[in-house]
Structures are given as structure tokens and as C-alpha cells.
Number of protein chains: 2
Amino acid sequence: MRRDSRLSGVLHVLLHMAQQPGPFTSETLAKAMDTNPVVIRRIMAGLRELGYVRSEKGHGGGWTLACDLSKVTLRDVYAALGSPALLAMGNRTEAPGCLVEQAVNAALDQAFSDAEALLLSRLGEVTLAMLSEDFRKRLGSRKHHGMHAHGA
Amino acid sequence: MRRDSRLSGVLHVLLHMAQQPGPFTSETLAKAMDTNPVVIRRIMAGLRELGYVRSEKGHGGGWTLACDLSKVTLRDVYAALGSPALLAMGNRTEAPGCLVEQAVNAALDQAFSDAEALLLSRLGEVTLAMLSEDFRKRLGSRKHHGMHAHGA
DNA sequence: GCGATATGTAACATATCAAGTTACATGAGA
DNA sequence: TCTCATGTAACTTGATATGTTACATATCGC
């Protein structure tokens, strides 16, 4: 199944923004992400509604971080995207009349909801500040080898 | 994202088969599942290769259970389907040169693999025999209310 | 052997959805 | 007012689960 990479993408954007202050245009961010400005605006829309970022039009406009990175978790970002489905699998039918299917659904639902709960919990343990810190650590160790932050 | 219901579907088929001995034609099973015989053959193909079911052609042919239901777990059935993706989300790019993306991927991968491991573990704890037992329990309690096993 | 029945499988159709693209409206600053 | 930027609708594209048709192959009963 095709996998949704919006969470990965929006985190990438946020972390890039965390490295310098200025507002970033959608086009700048899109170039860094190798995608389209409209896609950036789309995935940022939810974040703006929750107040994690701000956007301004016109000259000198663009996107700005508007939150305490140590207070926002990956789970918050996930929620800002509209909480899309976490699991690639689901039941064939919900609320089936067939008792066989009810038994199957009950077993699968148990396993599925456990996994979802764990994933959400893990995402809730990681803040954007922690990610940013990890990035800087990686940057430091790579610099010692004379390489760039970006590459093919 | 569209959710994969093959696991749910194939479990449904197997449990139906567990209720009576005879071979079942793809058409019979398809009717019970409200789908197409070809779809049944497709999802059963992997199970046959692993020896969980047998198929025979011609008169009196069809699908037969060929395993000890108490020895086959939902995880085994999942594997028989080819182990399709469990999670609906993934990284934007694997092995990125961008250090920001590396940091993002590392965090997400951790959470993702934890959730996948838990899900697989849970699926591994449930056998087809347990599901069949649960079904029979449901059947018993519904019978007391004068209802059928199937219904809209 | 022959016809009926069943699986096996390729090929094609359909539906859904993330992602990409185009077009245009709106608003802010120089 | 002109330029730059976001906001958003509409459309295109690609991937994939699912559904369907068609036909080949194997097996049973006569």
C-alpha cells in the first residue's frame, strides 16, 4: 500500500525552519523538500490553525515558527495533519451481521488498537526540540568529516 | 488512505471453513464474503503455498483446511499474504542525504518499528482455534435470542 | 474419451487517495 | 499600483486494493 509521508514531510519542514529565524516562503521550503509550494501550504495549513506556525503574505512574508519546540510533540503534529489512519490494514466490514466476521474483527481490533496506542504514545514522547537537538548532533559529527548537511 | 482488508477477509474465509468439513468452492466462499471467486483464489494462494489449505480441481473439488488450527496464528496468516505493510505512514525518503531528514526518520522509525513489533506480537498470540472458539461462543449466545449467524 | 466442474492466472476495469500541478483570488509591502 | 506571497479550488498523476472477464488446465463421473 502507498504510504502517507505527510508527517515525515511536515517534520522535515519544521526542523529546517528551526535552524534559522527568518520567515520562509513556500517556494524555499518546497525546494528543500523537492516538492511543490502548494503541497507545503497544504501540509502547513493544519499547523497554522493550531498556532504552531504563522504565515504572512506579501513582501518579506512566508512561514514562521510560532511555538515552543520543547512543548510540541510529534503526536501534536500528527494531530495537526488531521490524524490520518495509522494502520494500513483494517476490517473488511465494520459492524457486520456475520458472527464469524465479528469474531475476526474483535481479535484484529484488539491488536490494531494496541499498536495504534503504542505508536501514538511513542510519538507523544518526542518533542520537536528533541529532534532539533538530534539534528545538531548529526551536523556536528558530519562536519568533522568535511561533509555537507545536504547531498544526493 | 484505503485500508487493506485482505487479512480480515482471509480470516473470515478460514473460520467459515472451520465450521464444516467438506471442501468449499471459491464460488461458495465468495458468496459468503460477498465478493468474487477470483478474489478468494488470490488471497488463498499464499495459504496454499504454506500448506495451511489445500485446493483440488474438478468435481467435488474446492478448498480444504490442511492445518492444525491451534498451531496457526494470525501472524502466520499475515505472513502467508506476503507480509504487506502494516503502517499507513512512512518516511518521505529512505537513506536521505539531508541530515534533518535523517533525524526525522530516526525518530519516526523508532516509533514505527515499536508499533509494528507490538502488532506482530499480538497477532502471534492469537490462533485460528481461539478465533473459532470465540465464534462458537458468540453463536451460542445469539442462538438464545433466536437469531441467525448471518444477517444484514 | 468427453463433458461438466473447479482451480490458476493473466489482463483489464474501477475506486480511492496521496502527491503533484495549474490557475486564480486575496492580501501585504515597497 | 506593481510585485510578492499565501489561500484554495480544480485537475492530473501514480500506486494499489478490489472487482471482473476470459481462458487455460486439471479432475471427476459418465
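Residue numbers start from 1 in every chain, and the chains themselves are labelled A, B, ... in the order their sequence lines are given, proteins ahead of strands. Please read these numbers as outputs of a predicted model, since none were measured by experiment. Values reported hereafter were calculated over all heavy atoms of this structure, with side chains retained and with hydrogens, waters and symmetry mates removed.
Across all strands shown, Asp4(B) has heavy atoms under 4.0 Å from sugar-phosphate atoms exclusively, and none from any base.
Residue Leu7(B) contributes atom CG, which lies 13 Å from atom P of dA17(D) at whole-angstrom precision. Atom-to-atom, CD1 of Ile43(B) to C1' of dG8(C) comes out at 15 Å; the value is rounded to the nearest Å. Atom CZ of Arg54(B) and atom C1' of dA6(C) are 16 Å apart (whole Å). Residue Leu29(A) contributes atom CG, which lies 16 Å from atom C1' of dC4(D) at whole-angstrom precision. In this structure, Asp34(A) atom CG and dA19(C) atom C1' are separated by 12 Å, rounded to whole Å. Atom CZ in Arg3(B) sits about 12 Å away from atom P in dT18(D), given to the nearest Å. One interatomic measurement links the two molecules: CD1 of Ile40(A) to P of dT22(C), which rounds to 16 Å at whole-angstrom precision. Here dG19(D) presents its P atom at 12 Å from CZ of Arg6(B), a figure rounded to the nearest Å.
For Arg75(A), the side-chain hydrogen bond (donor to acceptor under 3.5 Å, both in side chains) criterion is met by no residue, not counting sequence neighbours. Checked against side-chain hydrogen bond (donor to acceptor under 3.5 Å, both in side chains), Asn91(A) has the following partners two or more places apart in sequence or in another chain: Asp109(A). Taking Thr28(A) as the reference, Thr25(A) meet the side-chain hydrogen bond (donor to acceptor under 3.5 Å, both in side chains) condition, with sequence neighbours excluded. Checked against side-chain hydrogen bond (donor to acceptor under 3.5 Å, both in side chains), Thr93(A) has the following partners two or more places apart in sequence or in another chain: Glu101(A).
Contact between the side-chain N/O atoms of Ser5(A) and the OP1/OP2 oxygens of dA18(C) is not found at any separation under 4.0 Å.
Within residues 72-90 of chain A, no residue places a heavy atom under 4.0 Å from DNA chain C.
Arg6(A) places no side-chain N or O within 3.5 Å of a backbone atom of Pro84(A) that could act as its donor or acceptor partner.
Listed by first and then second residue, the side chain to side chain donor-acceptor pair (under 3.5 Å) pairs that reach into residues 110-128 of chain A are Gln110(A)-Asp114(A), Asp114(A)-Arg122(B), Arg122(A)-Asp114(B), sequence neighbours excluded. Within the structure, the side chain to side chain donor-acceptor pair (under 3.5 Å) test picks out the following pairs touching residues 41-53 of chain A (sequence neighbours left out): Ser26(A)-Arg41(A).
Here Leu118(B) is tied into one hydrophobic group with Leu118(A), each link being a pair of ILVMFWY side chains closer than 4.5 Å.
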Go along nucleotides 5-15 of chain D 5' to 3' and tag each nucleotide: B for a protein heavy atom under 4.0 Å from its base, S when only backbone or sugar atoms are that close, - otherwise.
SBBBBB---BS
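Salt-bridge check for Lys31(B) with Glu27(B): passed, with a basic side-chain N closer than 4.0 Å to an acidic carboxylate O.
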